[in-house]
There are 2 protein chains.
Amino acid sequence: MAVTSGTKNRTRQAILDAAIDLLAENPGCSLGDIAAAAQVGRTTLHRYFAERADLLAAVAIEGGQRLVRAARLAELDRGTGGEALMRLCREYFDLGPLLSLIFSEQGGECWESQDERLLGDVIERGHRDGSIDGGLPSEWILSVLWSQMYAAWSYLGERPDSSRHDVLDLLIRTLSNSLTPRQPAAAQPVRNKGGQSQ
Amino acid sequence: MAVTSGTKNRTRQAILDAAIDLLAENPGCSLGDIAAAAQVGRTTLHRYFAERADLLAAVAIEGGQRLVRAARLAELDRGTGGEALMRLCREYFDLGPLLSLIFSEQGGECWESQDERLLGDVIERGHRDGSIDGGLPSEWILSVLWSQMYAAWSYLGERPDSSRHDVLDLLIRTLSNSLTPRQPAAAQPVRNKGGQSQ
DNA sequence: CTGCAATGGAACAGTTGTGTTCCACTACGA
DNA sequence: TCGTAGTGGAACACAACTGTTCCATTGCAG
């Protein structure tokens, strides 16, 4: 099944992309706006997603898939927990407007289910290997992570002159500062790979 | 002027409070909802604020005043820039739902005008006295600040069992970690008052 | 060319929020 | 007791969005 024509797939994807873009900056935007942004008639949109709720559900699924893909790219198994988390941030940051969407409906349980557990494991690993401050509970770290990524994304959006790369650097720098234990206490066998690039 | 009866003032304030609460969790909520939350008839609400825009404007002004009050309580002149910033965070955190409101409309220029400049000065002071990482531009720090405070507030809201005090501690800890320069590099004539409290 | 898949537009009814008007009710001071 | 300030409720017209139906169109495959 699901062997719809190439045209249909393209139209569906265009609608989803537009929906993510518009819903990100205004969760209450009208279906007419989304259809227009997708360069598609409102009728066509309704043909693919009968009700608004159907579109939202599809967006949630699409978003979830992108999250999973990003997590895979981040190779969370490699290195310390802290390093893995920073790699994940880089990947997540590329999700762009989806960040706003996820962040604004953070209580929406849609995304969390799978990724929340995955991230929890990474953070716990970081706690054990000393790359993440043990005094910060994992849930709190998740909050910080998402809010910072959202902040970085909107920071970038408000400053067309600043480069994606520079903002990403600021994000990573600030985040790793937040999460790395302050004083090199006693426990870690702190090794070669320092936190900051360049 | 402005010597309206005590009743009127109380009603007006109840509406504003309810508006801040509801708009914080849903910027698109209806006037009927706000009126109900304020335990006031919709007619009465319209009597105080003819149009929705009028209510929003009043909320913005009220919010601005609370921000200014909080900034005054923080005694921004005292101590290093970093210390002053952390004190301000404590005060801002008490603003509660207003945080969500400000954060969600961050591009809304209403609040920024005065406070943005004030905070900019404090951060610059922190840059000079070495209590704030000079590699982080002031605008970026503002983004981080607001997003973290918002995250902390919603973190608290989602966990009725966690105490306001504990969350505030997490916030301060994470934030000061973010902003304090990492290695005592070489440049600063690092003075007596070290960055980390406790 | 014919036929079908995909689309866009127009029109419609239904819902929800808005802003307004009008009237009735309550409390309180003169 | 009366008058007034403050209020609440009902009703209305209006606007926007939604979901649906119907029909005309484009474009491509056979």
Side-chain angles (χ1 to χ4, degrees), chain A residues 1-63 97 100-101 104-105 108 110, chain B residues 1-63 97 100-101 104-105 108 110:
Chain A
M1 74 194 106
V3 192
T4 47
S5 84
T7 309
K8 271 191 130 170
N9 276 331
R10 241 174 302 123
T11 304
R12 191 187 140 93
Q13 201 55 46
I15 295 176
L16 280 181
D17 288 343
I20 290 178
D21 277 355
L22 295 209
L23 289 173
E25 55 182 48
N26 174 20
C29 72
S30 78
L31 297 185
D33 291 343
I34 295 178
Q39 292 180 296
V40 148
R42 195 166 66 90
T43 311
T44 301
L45 188 151
H46 272 105
R47 212 168 270 133
Y48 283 82
F49 308 98
E51 302 192 358
R52 173 178 253 267
D54 296 327
L55 175 57
L56 295 186
V59 164
I61 291 179
E62 169 77 13
S100 317
L101 204 51
S104 65
E105 319 185 14
C110 321
Chain B
M1 77 198 100
V3 191
T4 47
S5 87
T7 309
K8 271 190 129 170
N9 276 331
R10 244 175 298 124
T11 303
R12 191 187 140 93
Q13 199 56 44
I15 296 176
L16 280 181
D17 289 342
I20 290 177
D21 277 354
L22 296 207
L23 290 173
E25 56 183 45
N26 175 19
C29 72
S30 77
L31 297 186
D33 291 342
I34 295 178
Q39 293 181 296
V40 147
R42 194 166 66 90
T43 311
T44 300
L45 189 150
H46 276 294
R47 210 167 272 133
Y48 283 82
F49 307 98
E51 301 192 359
R52 174 178 254 267
D54 296 327
L55 176 57
L56 295 187
V59 164
I61 291 178
E62 169 76 13
S100 317
L101 204 52
S104 66
E105 319 186 13
C110 322

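Values below: every heavy atom of this structure, side chains too, minus hydrogens, waters and symmetry copies.
Note: CD (A:Gln39) to P (C:dG9) measures 12 Å, nearest angstrom. The CG atom of B:Leu22 sits 15 Å away from the C1' atom of C:dG17 (whole-angstrom rounding). Between the CG atom of B:Leu45 and the C1' atom of C:dG17 there is a distance of 13 Å, given to the nearest Å. As a whole-Å value, the separation of B:Arg10 CZ from D:dA5 C1' is 13 Å. Distance CG (A:Leu55) to P (D:dC17): 16 Å, rounded to an integer number of Å. If you take CZ of A:Arg12 and C1' of C:dA6, they are 16 Å apart, rounded to a whole angstrom.
Taking every heavy atom of both residues into account, B:Val59 and B:Leu101 meet most closely at CG1-CD2, 3.6 Å. For A:Ala24 against A:Pro97, the heavy-atom pair with the smallest separation is CB-O, 3.4 Å. Minimum heavy-atom separation, B:Val40 to B:Thr11: CG2-CG2, 4.1 Å. When all heavy atoms of A:Ala58 and A:Arg12 are compared, the pair lying nearest together is CB-NH2, 4.2 Å. The two residues B:Phe49 and B:Ile15 make their nearest non-hydrogen contact at CE1-CG2, 3.7 Å.
Residue B:Tyr48 is in sugar-phosphate contact alone, with no base atom involved, counting any heavy-atom pair closer than 4.0 Å across all strands shown.
In terms of phosphate contacts, A:Lys8 brings a side-chain nitrogen or oxygen within less than 4.0 Å of OP1 or OP2 of C:dA6.
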Derivation of the side chain to side chain contact (heavy atoms under 4.5 Å, CB included) call for B:Gln13 and B:Asp17 | CA-CA 6 Å; B:Gln13 199 56 44; B:Asp17 289 342; 3.5 Å; yes
List the protein contact pattern of nucleotides 18-28 of chain C with one symbol per nucleotide (5' to 3'): B for base contact, S for sugar-phosphate-only contact, - for none; contact means a heavy-atom distance under 4.0 Å.
-> BBBB-------
